Amino acid sequence: MLLWCCPSLRWLHIGMNQDVFDADYLITQMNGFVNVVKELPPEISSKEPHRVDCSKRKGQFDYIESVLPFLLKYHYVSITPAVSQRRDRYPKYAKAALCQACYRALKLTGSLEKKANKLLEAIPKPFLSLHLRFEPDMVAYSQCQYSGLSPTSMKALEAARGDDRKPWTGEAARIWRNRGKCPLTPNETAFILKALSIPTNTNIYLAAGDGLMEIEGLTSIYSNVVTKSALLSGEDFETMHGNTKAALDYCVSINSDSYMATYFGNMDKMVAAMRAFKGLYKTLFLSRRAFAEFTSRGLEGKPLMEALWKAHEDDFIKGRGSALSDCFCEFKL
């Protein structure tokens, strides 16, 4: 994203994926909050922007401390927006603008929205949207060890690891897993769902990327699992790429009867926030840390199920999960 400012105006040049989001709709909706342009003036575009590092850091990212000084000094900066950010020091107009951008100005393109509606109509109702992350690159990035994976999964995982992502071993591996850093396998996910008394005949929409490993661990227990590749026609699906497929998962998830995720990534934060904004509070994030801690103590079977139920009980009963609590769209814009 490129930010350009001049003494009396605030401008934003968007580098959004225009085959996912309707850029014209966003520009219209942001009118009066911030001036959004598709193209920069020649006198600006001919220059190189000052790049500000917004990479992942400990705690929440603070734009006021880390970006604003450079914007005021150079007037033209390039950033990668951070999802986790401090908002308590934002002036009210900035909160209003951010709320408008995140919750009211984002709309899928017409063709993608049509596919999303088609997909929503095809999913059996009521349904649970499950965001399950166990793709080779995801597992490789975690640097976690897994036993009992199929030869096919191990081959894909080794290829994704390469020479740079070797798994932790020994005590370091145990500590890493107990900190909740290891993705849940489909089989572990199914076990937790059963511990939460989710009926095995529940209609589940699988919001997942391509190449999901060990999916039989889920589908052997929960048989009513549907995917976008199975519900969309071949022509509709084959013309899509990763971002457009993820956009479909996002659209389905914010409109599902309930939403559960095995990870707390950017998409999950966006889905949880939008569901909270829409008043859909049946949102829950499965605890990788709790599962790791309990299994490291030797718990299994019924005792493990009871412990997992207690670990999720408050969020599960409230039906609120970890939906972002700092949504400040409480005032009228």
Side-chain angles (χ1 to χ4, degrees), residues 115-139 146 148-154 156-157 182-238 240 242 244-265 267-268 270-272 275 280 282-288 291 304-305 308-309 312 315-316 319 321:
K115 288 182 181 179
N117 290 333
K118 181 179 178 180
L119 185 56
L120 277 167
E121 290 176 4
I123 300 172
K125 312 295 188 302
F127 73 99
L128 158 70
S129 179
L130 176 65
H131 190 206
L132 179 57
R133 298 297 312 271
F134 204 69
E135 304 91 349
D137 58 340
M138 174 69 177
V139 178
Y146 291 89
L149 299 185
S150 69
T152 301
S153 295
M154 286 302 302
L157 183 54
C182 297
L184 293 168
T185 69
N187 183 260
E188 292 168 346
T189 300
F191 188 92
I192 297 177
L193 293 183
K194 288 190 69 176
L196 298 179
S197 300
I198 305 299
T200 55
N201 63 349
T202 298
N203 295 317
I204 297 178
Y205 171 79
L206 189 61
D210 297 331
L212 192 66
M213 301 187 298
E214 305 291 312
I215 187 58
E216 297 81 8
L218 174 70
T219 56
S220 62
I221 299 172
Y222 288 86
S223 56
N224 295 334
V225 177
V226 296
T227 62
K228 51 187 173 290
S229 60
L231 295 175
L232 291 176
S233 67
E235 182 179 352
D236 280 338
F237 192 73
E238 289 171 5
M240 302 180 71
T244 52
K245 291 176 183 178
L248 287 186
D249 287 340
Y250 168 77
C251 186
V252 169
S253 296
I254 65 174
N255 290 288
S256 61
D257 297 284
S258 53
Y259 176 76
M260 291 189 182
T262 62
Y263 199 68
F264 194 47
M267 174 178 159
D268 305 297
M270 291 173 64
V271 169
R275 287 179 62 83
L280 302 174
K282 293 183 179 179
T283 302
L284 186 69
F285 296 95
L286 306 184
S287 176
R288 293 166 292 162
F291 187 86
L304 177 57
M305 282 193 166
L308 287 168
W309 166 256
H312 294 86
D315 285 343
F316 187 68

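Throughout, residue positions are numbered sequentially from 1 according to the sequence presented. No hydrogens, no waters, no symmetry mates; every other heavy atom, side chains included, goes into these values. Being a predicted model, the structure only gives us computed values, none of them experimental.
Met260 places a side-chain heavy atom less than 4.5 Å from the side chain of Ile198. The closest side-chain heavy-atom distance from Leu206 to Ile215 is below 4.5 Å. No side-chain heavy atom of Met305 sits less than 4.5 Å from a side-chain heavy atom of Leu196. With contacts defined as side-chain heavy-atom distances shorter than 4.5 Å, the pair Leu120/Asn255 qualifies. At least one side-chain heavy atom of Tyr259 sits less than 4.5 Å from a side-chain heavy atom of Val271.
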Point to revise | Derivation and outcome, side-chain contact (heavy atoms from CB on, under 4.5 Å), residues Val252 and Lys228 | key: CA-CA 10 Å; Val252 169; Lys228 51 187 173 290; over 6 Å; no

Practice item. Decide side-chain contact (heavy atoms from CB on, under 4.5 Å) for Val225 and Leu130; before the verdict, give the C-alpha distance in whole Å, the side-chain angles of both, and the deciding distance to 0.1 Å. Key: CA-CA 10 Å; Val225 177; Leu130 176 65; over 6 Å; no

Review point. side-chain contact (heavy atoms from CB on, under 4.5 Å) between Ile221 and Leu193: does it pass, once the steps are laid out?
Key: CA-CA 10 Å; Ile221 299 172; Leu193 293 183; over 6 Å; no

Review point. Yes or no on side-chain contact (heavy atoms from CB on, under 4.5 Å) for Lys115 and Met240, after CA distance, side-chain angles and deciding distance?
Key: CA-CA 11 Å; Lys115 288 182 181 179; Met240 302 180 71; 3.7 Å; yes

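Applying the side chain to side chain donor-acceptor pair (under 3.5 Å) definition to pairs two or more places apart or across chains, those involving residues 198-209 are Tyr205-Asp249.
With rounding to the nearest 0.5 Å, the separation of OG in Ser253 from CG in Leu280 is 11.5 Å. Leu218 CG to Leu184 CG: the interatomic distance, rounded to the nearest 0.5 Å, is 11.5 Å. Here CE of Met213 is found 11.0 Å from CZ of Arg133. Values are rounded to the nearest 0.5 Å. Here Leu128 contributes atom CG and Asn224 contributes atom CG; the two are 11.5 Å apart, rounded to the nearest 0.5 Å. Distance NZ/Lys194 to CH2/Trp309: 15.5 Å, rounded to 0.5 Å. For the atom pair CZ (Phe285) and OH (Tyr263), the distance works out to 12.0 Å, reported to the nearest 0.5 Å.
Listed here is the closest heavy atom pair of His312 and Leu286: NE2-CA, 3.5 Å. Residues Ile123 and Phe127 approach most closely at CG2-CG, 3.5 Å, considering heavy atoms. Between Leu308 and Ala195 the shortest heavy-atom distance is CB-CB, 4.0 Å. Across all their heavy atoms, Leu132 and Leu212 have their closest contact at O-CD1, 3.7 Å.
With sequence neighbours left out, Lys118 forms a side-chain hydrogen bond (donor to acceptor under 3.5 Å, both in side chains) with Asp236. Scanning for ring pair (Phe, Tyr, Trp, His ring centres under 6.0 Å) contacts around Phe134 gives Tyr146, with sequence neighbours left out.
Between the side chains of Thr283 and Arg275, at least one donor N or O sits under 3.5 Å from an acceptor N or O. If you check the side chains of Ser229 and Thr227, you find a donor sitting under 3.5 Å from an acceptor. Between the side chains of Glu214 and Thr185, not a single donor N or O lies within less than 3.5 Å of an accepting N or O. A donor-acceptor pair shorter than 3.5 Å cannot be found between the side chains of Ser256 and Ser129.
Looking at Ser153, its side chain never comes within 3.5 Å of a backbone N or O of Leu149 through a donor-acceptor pair. Asp268 contributes a side-chain N or O that, together with a main-chain N or O of Gly265, makes up a donor-acceptor pair within less than 3.5 Å. Listed for the His131 side chain is no donor-acceptor partner under 3.5 Å among the backbone atoms of Thr262.
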